[in-house]
Amino acid sequence: MSDEISIAAGNATAPGQAGEGVSPAPGAAGRKVFVKTYGCQMNVYDSERMTDALVPQGFSATDSVEDADLIILNTCHIREKAAEKVYSELGRLRKLKAARAESGKQTMIGVAGCVAQAEGEEIARRAPVVDLVFGPQTYHRLPELVTRARAGESVVETEFEIEAKFRHLSTPSSAPAPTGRRGPVSAFLTVQEGCDKFCTFCVVPYTRGAEVSRDVDQIVAEAERLAARGVREVTLLGQNVNAWHGEGPDGRAWGLGELLHRLAGVEGLDRLRYTTSHPRDMDDALIAAHRDLPEVMPYLHLPVQSGSDRILKAMNRRHTRDDYFRLIDRIREGRPDLALSCDFIVGFPGETDADFRDTMDLIERVGFASAFSFKYSPRPGTPGATMDAHVPEAVMNERLQELQALVAQQQKAFNESLVGTSCDVLVEKRGRNPGQVTGRSPWLQPVQIDADESLIGEIVAVEITGREANSLFARRVAGQDGGQAHPQRVRA
Ligand code: 5AD
Ligand code: SF4
């Protein structure tokens with residue numbers, strides 16, 4: 001996971017797309033909003049919904065910060081120095097705001113996301129350039145907050161109202177993408193927010209609040225709208241997505257497995273993914289969905305954080321390394337081509353060399369197609385922050401390097417193992433060079449294919465002909481196009 005994902009959020013750039021039937025607020029037409037997104041995919045999703053929510057106010061998204069009348073930093077607090085990064089960005093924006101003011105243009109600056117939730121008033125105090133501070137559960141109220149800020153109020157909103165957010169956030173419109181441009185073929189869909197797990201290193205339960213699941217009807221309606229816009233792949237998002245639960249139309253209690261079955265039935269949706277999961281919440285129905293639903297891609301991000309039982313306990317993960325091994329075996333039994341990705345933390349307080357060896361051993365035994373790894377960073381307010389036996393920085397660096405080298409080797413071996421095999425690829429956009437398109441394999445690697453742009457939005461059968469560190473090369477082969485048979489790893 002990168003700390004800074006994207007600059008502009010905007011699927012609301014086309015006038016009339018989102019918020020149809022709502023006239024712009026008087027005198028407000030033509031304003032531009034720029035959202036800079038840090039952190040996880042949920043922030044990417046939220047940034048898009050914020051932009052959508054502002055369309056009725058006459059805003060449209062811009063890629064250029066200099067042109068923006070409203071600049072929002074959608075922040076992340078998960079690891080080190082998050083707040084400091086935000087303050088230094090605000091220093092730059094202060095100059096931009098002053099320069100725009102000289103040419104008679106008003107600029108509003110907002111801080112959203114988990115740093116806003118954690119810091120609240122402190123942001124407004126330290127950075128008076130900021131007009132509004134609002135936490136992740138308040139985005140549905142953004143139009144009202146912007147109006148209040150425009151009237152000169154210094155707005156700070158950090159209430160927890162997830163259900164209200166789910167009810168009110170505008171969802172992507174079903175209007176077709178403007179002619180000549182295909183809508184995105186792959187989209188995020190938030191189904192759950194917050195977390196009750198309280199891992200001792202993690203700030204999420206404090207910034208995103210308690211676990212709340214979105215209703216089945218809302219999720220299905222949004223999936224149908226996305227599919228109607230040409231989306232073929234949906235990634236369900238939640239901080240602890242496999243804790244999602246709801247009441248099905250049959251009146252029974254549903255978990256993520258049942259939800260995946262329902263979404264697999266949505267016409268046009270051919271690929272389903274979900275992230276991020278906790279090993280304790282992989283129930284039988286979800287494991288069965290991996291076996292039974294060809295739409296569920298054989299790629300699973302399942303963080304374990306550490307391979308040492310002692311450290312897992314100190315982290316309050318509430319599972320052992322053996323539980324993890326058994327779980328992976330069960331999922332792979334039904335889906336032998338499953339590839340795994342993971343998160344690891346090195347240097348959690350008290351982590352000895354033997355604990356770290358256990359983590360390396362777990363990686364050897366499981367084999368990962370990719371992994372994100374981090375040095376432990378104490379987050380204020382979490383139990384980990386007050387634990388003793390800090391691991392020296394130099395030791396953390398060494399461990400991180402060693403772990404990353406092993407994962408890189410495994411990733412290379414995994415990509416190499418695909419060369420000469422065939423699989424389906426969802427073509428997403430133009431490729432690196434003219435005459436090429438880029439798509440995603442079932443295992444999420446980018447794949448460069450020599451083929452025409454008219455294939456964007458299609459699922460095509462390819463043979464993998466080569467690989468680089470992070471991507472694959474392929475050529476089209478006849479036979480399986482568009483069929484969503486189990487992606488095959490058969491030697492061609
Ligand atoms: N220090 C280091 N890494 C962390 N993560 C979460 N909190 C911390 C922390 N305090 C990592 C975990 C998590 C990922 C999103 O970020 O590995 O799975
Ligand atoms: Fe944080 Fe994930 Fe643990 Fe929840 S399950 S506390 S989000 S690491």
Side-chain angles (χ1 to χ4, degrees), residues 1 3 38-46 74-83 86 111-123 133-140 156-166 169 190-214 236-246 255-256 274-283 301-306 311-319 323 342-345 348-349 372 374-387:
M1 178 183 303
D3 279 343
Y38 300 81
C40 63
Q41 289 106 328
M42 190 169 296
N43 268 9
V44 175
Y45 178 89
D46 279 348
N74 190 7
T75 61
C76 169
H77 203 233
I78 195 105
R79 285 177 298 273
E80 230 175 352
K81 299 200 186 95
V86 172
V111 179
C114 293
V115 173
Q117 187 67 40
E119 297 266 300
E121 300 272 357
E122 179 65 11
I123 297 183
V133 176
F134 51 109
Q137 313 316 339
T138 65
Y139 300 157
H140 56 293
V156 178
E157 285 289 348
T158 51
E159 293 301 310
F160 281 110
E161 321 168 63
I162 304 189
E163 288 98 338
K165 175 181 172 183
F166 281 158
L169 260 194
T190 293
V191 300
Q192 178 277 338
E193 224 182 302
C195 183
D196 293 341
K197 287 280 185 290
F198 290 93
C199 301
T200 53
F201 53 82
C202 186
V203 79
V204 164
Y206 309 94
T207 56
R208 291 272 174 171
E211 208 169 276
V212 176
S213 292
R214 204 170 171 188
L236 306 180
L237 296 181
Q239 263 92 31
N240 187 11
V241 70
N242 56 349
W244 180 89
H245 58 281
L256 195 64
Y274 59 93
T275 194
T276 287
S277 298
H278 192 290
R280 273 182 70 100
D281 291 323
M282 294 294 303
D283 65 13
H301 184 63
L302 193 61
V304 68
Q305 315 294 356
S306 167
I311 296 297
L312 287 170
K313 190 149 195 269
M315 286 177 163
N316 191 33
R317 293 288 293 178
R318 295 187 285 157
H319 63 79
D323 294 334
C342 203
D343 290 344
F344 295 98
I345 295 177
F348 187 78
F372 303 97
F374 313 99
K375 289 187 278 186
Y376 172 67
S377 119
R379 310 313 295 141
T382 62
T386 56
M387 289 180 187

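Bear in mind the structure is a predicted one, so any value in this text is a computation, not a measurement. Residues take their numbers from the sequence shown, with the count starting at 1.
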Can you name the closest pair of heavy atoms from [X] and [Y] and give their distance?
{"X": "Arg379", "Y": "Phe201", "answer": "CG-O, 3.6 Å"}
{"X": "Pro349", "Y": "Gly384", "answer": "CG-O, 4.0 Å"}
{"X": "Cys195", "Y": "Val204", "answer": "CB-CG1, 4.0 Å"}
{"X": "Val133", "Y": "Ala116", "answer": "CG1-CB, 3.8 Å"}

Under the 3.5 angstrom rule, does the side chain of [X] hit a backbone N or O of [Y] as a donor-acceptor pair?
{"X": "Gln192", "Y": "Gly194", "result": "yes"}
{"X": "Glu193", "Y": "Val212", "result": "no"}
{"X": "Asp343", "Y": "Pro303", "result": "no"}
{"X": "Thr276", "Y": "Gln239", "result": "no"}

Query raised in the report: By ring-ring contact (aromatic ring centres under 6.0 Å, His included), which residues pair with Phe134, not counting sequence neighbours?
Result: Tyr139
Query raised in the report: In chain order, what residues pass the ring-ring contact (aromatic ring centres under 6.0 Å, His included) check against His319, with sequence neighbours excluded?
Result: His278
Just jot down the salt bridge (Lys or Arg N to Asp or Glu O under 4.0 Å) partners of [X], sequence neighbours excluded, or say none.
{"X": "Glu121", "answer": "none"}
{"X": "Asp196", "answer": "none"}
{"X": "Asp283", "answer": "none"}

Is the shortest side-chain heavy-atom distance between [X] and [Y] below 4.5 Å?
{"X": "Pro136", "Y": "Cys114", "value": "yes"}
{"X": "Thr275", "Y": "Leu237", "value": "yes"}
{"X": "His301", "Y": "Ser277", "value": "no"}
{"X": "Cys202", "Y": "Ile78", "value": "yes"}
{"X": "Ile345", "Y": "Met315", "value": "yes"}

Hey, what do you get for [atom1] ([X]) to [atom2] ([Y]), rounding to the nearest 0.5 Å?
{"X": "Asp323", "Y": "Arg318", "atom1": "CG", "atom2": "CZ", "value": "12.5 Å"}
{"X": "Leu256", "Y": "Trp244", "atom1": "CG", "atom2": "CH2", "value": "7.5 Å"}
{"X": "Thr200", "Y": "Arg317", "atom1": "OG1", "atom2": "CZ", "value": "10.0 Å"}
{"X": "Thr382", "Y": "Tyr206", "atom1": "OG1", "atom2": "OH", "value": "6.5 Å"}
{"X": "Leu236", "Y": "Tyr45", "atom1": "CG", "atom2": "OH", "value": "10.5 Å"}
{"X": "Gln41", "Y": "Thr190", "atom1": "CD", "atom2": "OG1", "value": "10.0 Å"}

Report task. Inspect the contact between Arg208 and Asp46 and indicate whether a charged nitrogen and a carboxylate oxygen are less than 4.0 angstrom apart. Result -> yes
Query raised in the report: Which residues pass the side-chain contact (heavy atoms from CB on, under 4.5 Å) test with Thr158, sequence neighbours left out?
Result: Gln117
Query raised in the report: Checking side chain to side chain contact (heavy atoms under 4.5 Å, CB included) for the pair Val156/Ile123: CA distance, chi angles, key distance, verdict?
Result: CA-CA 9 Å; Val156 178; Ile123 297 183; over 6 Å; no
Report task. Apply the test ring-ring contact (aromatic ring centres under 6.0 Å, His included) to residues Phe348 and Phe374: give CA-CA distance (whole Å), side-chain angles for both, the deciding distance (0.1 Å), then the verdict. Result -> CA-CA 10 Å; Phe348 187 78; Phe374 313 99; over 10 Å; no
Query raised in the report: Distance only, no hydrogens: is a donor on one side chain within 3.5 Å (strictly under) of an acceptor on the other, for Asn240 and Asp281?
Result: yes
